[in-house]
Amino acid sequence: MVISKKEKLAMAKNLKVLLIDDSTIILTVMSEVLATVSCVATVKTCSAPMHALQTIDEFKPDVLLLDINMPEKNGIEVLKEVREHYPAVKVIMLTNHSTEYYRNTCYNFGAYHFIDKANEFDQIAPLMEKISTETDEILKSML
């Protein structure tokens, strides 16, 4: 299948976002926030970190918003797996524990960005736009 230039550019403006968090409140609020961002086409949520890789494989997101503190498997473990198996997915870590230790650990394991859920929700829309623009530039350079 050959993708036309027009189709490639359209794809850059239509990000698929996967949100993994064990809090239904966060899943709801984040979904509502993402629904207002023009470059986000689809949002899928998942509350089970144990199914993260399977969900990524099926959904094929451009961006993964990932909570750090979850039962069964923490977000840093999931981040390591995502980097190994899906290096193109941009991972944005979410947490209420935004210490330098967590920030540095996440960045060292390949997180694209780190957001404190308590007071940095306003960064989500600009981050999605930035990712969309980066994707757009990459696709343009391939044409």
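Keep in mind that the numbers below use all heavy atoms, side chains included, and drop hydrogens, waters and symmetry copies.
Residues satisfying the side-chain hydrogen bond (donor to acceptor under 3.5 Å, both in side chains) test with Gln54, not counting sequence neighbours, are Glu58. When the side-chain contact (heavy atoms from CB on, under 4.5 Å) test is applied to Ala118, the partners found at least two apart in sequence or on another chain are Asn96, Asp116. With sequence neighbours left out, the side-chain contact (heavy atoms from CB on, under 4.5 Å) criterion links Thr99 to Tyr101, Tyr102. Annotation: side-chain contact (heavy atoms from CB on, under 4.5 Å) contacts of Lys73 (sequence neighbours excluded): Pro49, Met50, Glu77, Val78, Glu81.
Considering only heavy atoms from C-beta on, Met128 stays 4.5 Å or farther from Ser38 through its side chain. Looking at heavy atoms from C-beta onward, Asp67 lies out of side-chain contact with Ser23 at the 4.5 angstrom threshold. Within the 4.5 Å cutoff, the side chain of Leu65 has heavy atoms near those of the Leu34 side chain. With a 4.5 Å cut-off on side-chain heavy atoms, Val91 and Phe109 do not count as touching.
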Kindly indicate, with the supporting measurements, whether the criterion side-chain contact (heavy atoms from CB on, under 4.5 Å) is fulfilled by Phe121 and Met30. CA-CA 8 Å; Phe121 270 96; Met30 291 291 293; 2.7 Å; yes
Test side-chain contact (heavy atoms from CB on, under 4.5 Å) on Val17 and Asp62; report intermediate values, then the result. CA-CA 6 Å; Val17 179; Asp62 302 296; over 6 Å; no
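Within the structure, salt bridge (charged side-chain N to carboxylate O under 4.0 Å, His left out) pairs that include any residue of residues 15-26 comprise Asp21-Lys117 (at least two apart or interchain). Note on residues 38-57: no pairs pass salt bridge (charged side-chain N to carboxylate O under 4.0 Å, His left out), not counting sequence neighbours. Counting only residues at least two apart or in different chains, salt bridge (charged side-chain N to carboxylate O under 4.0 Å, His left out) contacts with residues 94-113 comprise Arg103-Glu120.
Between Thr95 and Phe114, the shortest heavy-atom contact is CG2-CZ, 3.2 Å. Here the shortest heavy-atom pairing between Ile56 and Pro61 reads O-CD, 3.5 Å. Counting all heavy atoms, side chain and backbone alike, Ile92 lies closest to Leu127 at CD1-CD1, 4.1 Å. Arg83 and Ala88 get closest at one heavy-atom pair: NH2-N, 4.0 Å. Contact record, Thr55 with Cys46: OG1-SG, 4.0 Å, taken as the closest heavy-atom pair. Taking all atoms of both residues into account, the shortest heavy-atom contact from Leu19 to Ile26 is CD2-O, 4.1 Å.
Between Tyr107 and His113, the ring planes are perpendicular. Angles over 60° get that label, and only those under 30° would be called parallel.
Summarising the geometry, atom CG belonging to Leu94 is positioned 8.5 Å from atom CD1 belonging to Ile68; distances are rounded to the nearest 0.5 Å. We find the CE-CG distance between Met93 and Leu64 to be 8.0 Å, quoted to the nearest 0.5 Å.
Cluster annotation: Leu79 and Val63 are assigned to distinct hydrophobic clusters (Ile/Leu/Val/Met/Phe/Trp/Tyr, side-chain heavy-atom contacts under 4.5 Å, transitive). Transitive grouping of hydrophobic side chains (ILVMFWY, heavy atoms separated by less than 4.5 Å) brings Tyr112 and Val40 into a common cluster.
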